Structure formats: structure tokens, C-alpha cells
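Down below is the structure, laid out as C-alpha cells.
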Protein chains: 2
Amino acid sequence: MKTAHRSDGTATRKLILDATEKIMRDEGYAAVSSRRVAEQAGLKSQLVHYHFGTMDDLFLALYRRSEEEWLQRQMRALTSANPVTELWKISIEPNSEFVSEFIALAVHRETVREEIARSNDRTRTIQAAVFARALEDARIDSEDLPAEVLAFIIAALSRTLVTEAALGASSGHDAVRAFITRRLQQIEDAARTHGDALSAT
Amino acid sequence: MKTAHRSDGTATRKLILDATEKIMRDEGYAAVSSRRVAEQAGLKSQLVHYHFGTMDDLFLALYRRSEEEWLQRQMRALTSANPVTELWKISIEPNSEFVSEFIALAVHRETVREEIARSNDRTRTIQAAVFARALEDARIDSEDLPAEVLAFIIAALSRTLVTEAALGASSGHDAVRAFITRRLQQIEDAARTHGDALSAT
DNA sequence: GTCTATAGGCCGATAGAC
DNA sequence: GTCTATCGGCCTATAGAC
């Protein structure tokens with residue numbers, strides 16, 4: 001059996017990941033350094049390298065942890081009665097700015113780019129699969145609105161809302177939120193009246 | 001009269017701005033340093049500070065230059081026969097990734113944030129004013145699709161397309177381009193049949 | 001306007017003791 | 001697993017000569 005020693009490394013790893021996440025959220029990826037992370041965590045900077053290797057490795061480890069949390073929240077949204085609006089709701093939380101920060105990082109770092117690109121595509125594919133069903137129930141032709149387009153639109157609009165809000169630019173944001181909420185509800189209202197009733201098949 | 005000496009500074013300033021822009025496009029804002037810029041321009045790094053002051057001042061000067069170019073291109077698009085589709089066309093050019101890079105920079109730099117936020121809002125307001133007319137001509141109720149929402153959607157979708165393309169993630173991009181192109185053309189076809197014909201008023 | 005020189009600082013990463 | 005010590009490097013910015 002594994003006797004949990006007081007410091008077997010997993011606690012330290014968590015401290016380091018938490019510190020990295022906080023700096024990245026507050027000041028952006030460019031402010032992340034082994035020294036700043038260590039200071040934030042109350043550790044020595046060498047421990048960052050001991051536990052994670054290079055800084056890129058640290059970024060990747062943090063991304064994987066965040067992705068896991070996100071996938072669980074997404075799963076709950078997509079398996080709810082209103083997958084479209086529920087995904088929208090969790091997508092416009094300030095938390096999403098964190099995703100954009102990783103994308104900004106990945107665009108210019110070869111070592112993490114591929115993994116984040118694949119993760120992005122995979123998430124979109126999952127959403128599209130669920131949305132395809134919802135759109136079908138709503139009697140919306142996939143020619144008129146492909147499910148993958150709906151997934152893209154939700155990602156693009158929510159990311160831009162959150163990023164611009166962080167920037168302090170919110171021109172038109174209220175109108176956008178109202179517009180999208182209404183449109184997505186129209187889809188799900190239609191899906192409910194047609195699809196959910198087992199008799200209608 | 002101002003006798004144009006061989007080096008009155010304006011040529012050097014252009015060299016420095018060009019070098020900064022190239023590094024920012026190729027490697028992102030985090031790769032911009034006075035030394036890297038000077039190396040790219042074939043100059044000494046001290047000249048960067050002599051001509052622009054701090055690095056934030058340099059970023060702002062570059063932003064202002066890019067904004068000016070962008071406003072001219074936008075003006076041409078918005079005064080064309082098809083302002084909506086023309087704006088979409090120039091928005092999805094790879095050049096737009098440059099804008100996203102500035103936004104990513106501004107989110108975490110107080111000194112440049114306000115100016116870029118104001119610029120972002122101002123651009124959107126201009127677009128909305130032109131679109132309001134186009135939507136009116138197309139007999140689209142502003143309750144159904146507010147002009148500012150259309151401007152936001154174009155900005156959000158184009159930025160996300162360009163950023164994800166740079167990331168190497170292009171899941172659903174072709175479908176999105178086809179979908180948006182069609183929708184925007186529907187608006188402008190309707191505007192043409194109703195609005196442009198002077199007899200219809 | 002451009003040069004040399006330099007102050008003062010943060011960075012990633014490794015070696016070796018415990 | 002955590003410590004001390006340290007290498008080599010890049011950074012912003014300024015001072016002062018020309």
C-alpha cells in the first residue's frame with residue numbers, strides 16, 4: 001500500500017500549479033516565470049523545475065488540469081435538458097478568459113501548440129455531436145445551420161465577450177448577450193415541443 | 001523649409017516600427033524586446049529607447065500606425081456597395097491576427113489597455129452606424145438583429161477564425177465561412193432590392 | 001541622432017549536498 | 001524532495017561622449 005507521506009510531491013505539485021494559474025489569470029502567461037511561481041507558492045524556484053521540467057512542461061501540465069475540469073463542466077452542460085443554452089452559460093463565465101490566455105500562448109509556442117489545437121478541435125467535435133441532435137429535434141435543417149457552426153459561434157462569441165470585458169471594452173455586449181440568449185432559446189424551445197415528446201415520433 | 005537631412009529620425013523610426021511589427025507577427029508580443037527589435041532593424045538597442053521611450057510607448061506607436069492603416073481599409077469597405085460583406089472580407093485576412101495580438105497584450109498592460117479599448121469600441125460604433133442603414137434597407141427590424149450585434153458578430157467570428165488558424169485548429173472553419181458568407185449576402189441582397197432602387201422609397 | 005559603456009535586474013536551468 | 005550555490009544569458013533604461 002502507498003503510505004501517504006507528508007510530502008510525496010503531489011501536494012507541492014498542486015501548490016505550483018495553483019500559483020501558476022493565479023499568475024496567468026492575473027497578469028497573463030508572459031508574467032509566468034519559475035521565480036514568480038515559486039514566490040507565489042512560497043517555495044524555491046528550483047522546485048518548479050524539479051517537479052515539472054521546463055516552463056513549457058509546466059504550462060502543459062496546467063493546461064491538462066484545466067482541461068479536465070472544463071470537460072467535466074461541459075459534460076454536465078451537454079447532458080442537461082438544455083445543452084445549447086447551458087453550454088453558453090458556462091462559456092461566458094470569466095473563467096473562459098483563461099482558455100483564451102492558453103490559446104494566445106500556444107499560437108507562439110511550438111511545444112504546446114499541437115496539444116492545445118487538438119484539444120480545441122476535439123471539444124468542438126463533441127459539442128457538434130450533441131448539437132446535431134438538438135437541431136434535429138428542433139427541425140432545423142443542417143443545411144441552414146450546421147451543428148459545428150453553432151458550436152463555433154458559441155465559442156467565438158463567448159471568448160470575444162470575455163476577452164473584451166477584460167480589456168474594458170464592452171460596446172454592444174449587453175445587446176449581444178440578449179440576442180444570443182434569445183436565439184439559443186428559440187432552438188431549444190423548438191426542440192422541446194418536437195423532440196422531447198415521445199408521441200411525436 | 002524643412003531640408004530633409006539624410007537621417008532626421010523619421011527613417012529610423014520607420015525601421016524600428018517595421019522591425020517591431022515583424023517580430024510581433026512572427027513570434028508574438030512577448031518576443032518583442034528593445035534588443036530583438038534593434039537586431040531586426042540593424043540598429044543599436046539604445047536607439048529604440050531614444051526614439052520611442054519605453055517599450056510600452058513603442059507598442060502604442062505601432063498600434064497607432066496599424067490602426068490608421070486599418071481605418072483606411074475599413075473606410076473603403078464601409079463606403080462600398082456591399083459594406084457588410086466587404087468588412088467581412090478584410091476581417092478574415094491573416095492581418096487580423098495582428099489585432100488579436102494587440103488585444104492579448106493590452107489585457108495585461110495597463111499603460112496601453114485604455115487606448116486599445118477605446119479604439120475597439122470606436123471602430124465597432126462606426127461599423128454599427130453603417131450597418132444600421134444597411135439593415136434598414138434590407139427591412140430587417142433592429143429588434144431582430146441590432147446593428148451593433150452584427151458588428152460584434154463579424155469581429156468575434158473573424159478573430160476566432162484567424163486565431164484558431166494560426167493555432168492550427170480549423171475544425172468547422174470551412175462550414176463557418178460558407179455559413180456567414182451566405183447570411184451576409186442575404187442581408188445585402190435584400191438591401192439591394194429594397195433600398196438601392198430609388199423608386200421604392 | 002548615434003555611439004560606447006554600464007547599472008541593476010530577472011530569467012531558465014543545472015550540480016551537488018543533505 | 002528540498003536545499004544552497006551558481007552559470008550564462010537577456011532584459012529595460014540611462015549617462016555621457018561625439
Side-chain angles (χ1 to χ4, degrees), chain A residues 2-24 26-63 101 105-106 108-113, chain B residues 2-24 26-63 101 105-106 108-113:
Chain A
K2 8 176 184 173
T3 48
H5 290 294
R6 203 180 73 255
S7 56
D8 60 350
T10 66
T12 304
R13 285 179 63 96
K14 183 176 185 314
L15 269 180
I16 292 170
L17 290 175
D18 290 346
T20 308
E21 180 166 340
K22 173 161 179 53
I23 294 169
M24 217 170 151
D26 294 349
E27 306 175 49
Y29 71 85
V32 172
S33 72
S34 54
R35 283 171 155 85
R36 292 272 284 106
V37 167
E39 180 195 38
Q40 174 70 35
L43 303 168
K44 300 290 177 181
S45 70
Q46 295 89 332
L47 278 185
V48 175
H49 292 109
Y50 172 79
H51 285 287
F52 292 96
T54 71
M55 294 307 289
D56 281 356
D57 292 334
L58 172 60
F59 279 123
L60 268 182
L62 177 59
Y63 182 76
E101 194 67 34
L105 165 78
H108 298 294
R109 294 236 191 169
E110 299 174 21
T111 46
V112 305
R113 181 162 50 218
Chain B
K2 7 177 185 171
T3 49
H5 290 295
R6 203 181 74 255
S7 56
D8 59 350
T10 66
T12 305
R13 284 179 64 95
K14 183 175 186 313
L15 270 178
I16 292 170
L17 290 175
D18 290 347
T20 308
E21 179 165 341
K22 173 159 177 55
I23 294 169
M24 217 171 151
D26 293 349
E27 306 174 50
Y29 71 85
V32 173
S33 70
S34 51
R35 281 171 154 86
R36 291 273 284 105
V37 167
E39 180 195 37
Q40 174 71 36
L43 303 168
K44 300 291 177 179
S45 70
Q46 295 88 332
L47 279 184
V48 176
H49 292 108
Y50 173 79
H51 285 287
F52 292 96
T54 70
M55 295 307 290
D56 281 357
D57 292 334
L58 172 61
F59 278 124
L60 267 182
L62 178 60
Y63 182 76
E101 195 66 35
L105 164 78
H108 298 295
R109 295 233 189 171
E110 300 174 19
T111 47
V112 304
R113 181 163 49 216

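Here the structure is a predicted model, which means the values were calculated and not measured. Just so it is clear: chains get the letters A, B, ... in the order the sequence lines come, proteins before strands, and each one is counted from 1.
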Problem - Under 4.0 Å protein heavy-atom contacts per nucleotide of nucleotides 3-16 of chain C, with B for base, S for backbone only and - for none - result: SBB-----BBBB--
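- Looking at residues two or more places apart in sequence or on another chain, you find no side chain to side chain donor-acceptor pair (under 3.5 Å) involving A:Lys44.
- Inter-residue side-chain proximity for A:Gln40 and A:Val37 is flagged as unmet; no heavy-atom pair is nearer than 4.5 Å.
- Taking the ring pair (Phe, Tyr, Trp, His ring centres under 6.0 Å) definition, one finds that B:Phe52 meets it with nothing, sequence neighbours left out.
- B:Asp56 is linked by a side chain to side chain donor-acceptor pair (under 3.5 Å) to B:Arg109, B:Thr111, counting only residues two or more places apart in sequence or in another chain.
- Evaluation of the salt bridge (Lys or Arg N to Asp or Glu O under 4.0 Å) rule for B:Glu101 yields no partner, not counting sequence neighbours.
- The distance between atom CD of B:Glu39 and atom P of D:dG9, rounded to the nearest whole Å, is 15 Å.
- Counting only residues at least two apart or in different chains, salt bridge (Lys or Arg N to Asp or Glu O under 4.0 Å) contacts with residues 27-42 of chain A comprise A:Glu27-A:Arg36, A:Arg36-A:Glu39.
- A search for salt bridge (Lys or Arg N to Asp or Glu O under 4.0 Å) contacts involving B:Lys14 returns B:Asp18, not counting sequence neighbours.
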Exercise for the section: Any chance you could encode DNA chain D as dot-bracket? Rule is Watson-Crick or G-U wobble with both distances under 3.5 Å; [ ] for pairs crossing earlier ones, | for another strand. Expected result: ||||||||||||||||||
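- When the ring pair (Phe, Tyr, Trp, His ring centres under 6.0 Å) test is applied to B:Tyr63, the partners found at least two apart in sequence or on another chain are B:Phe102.
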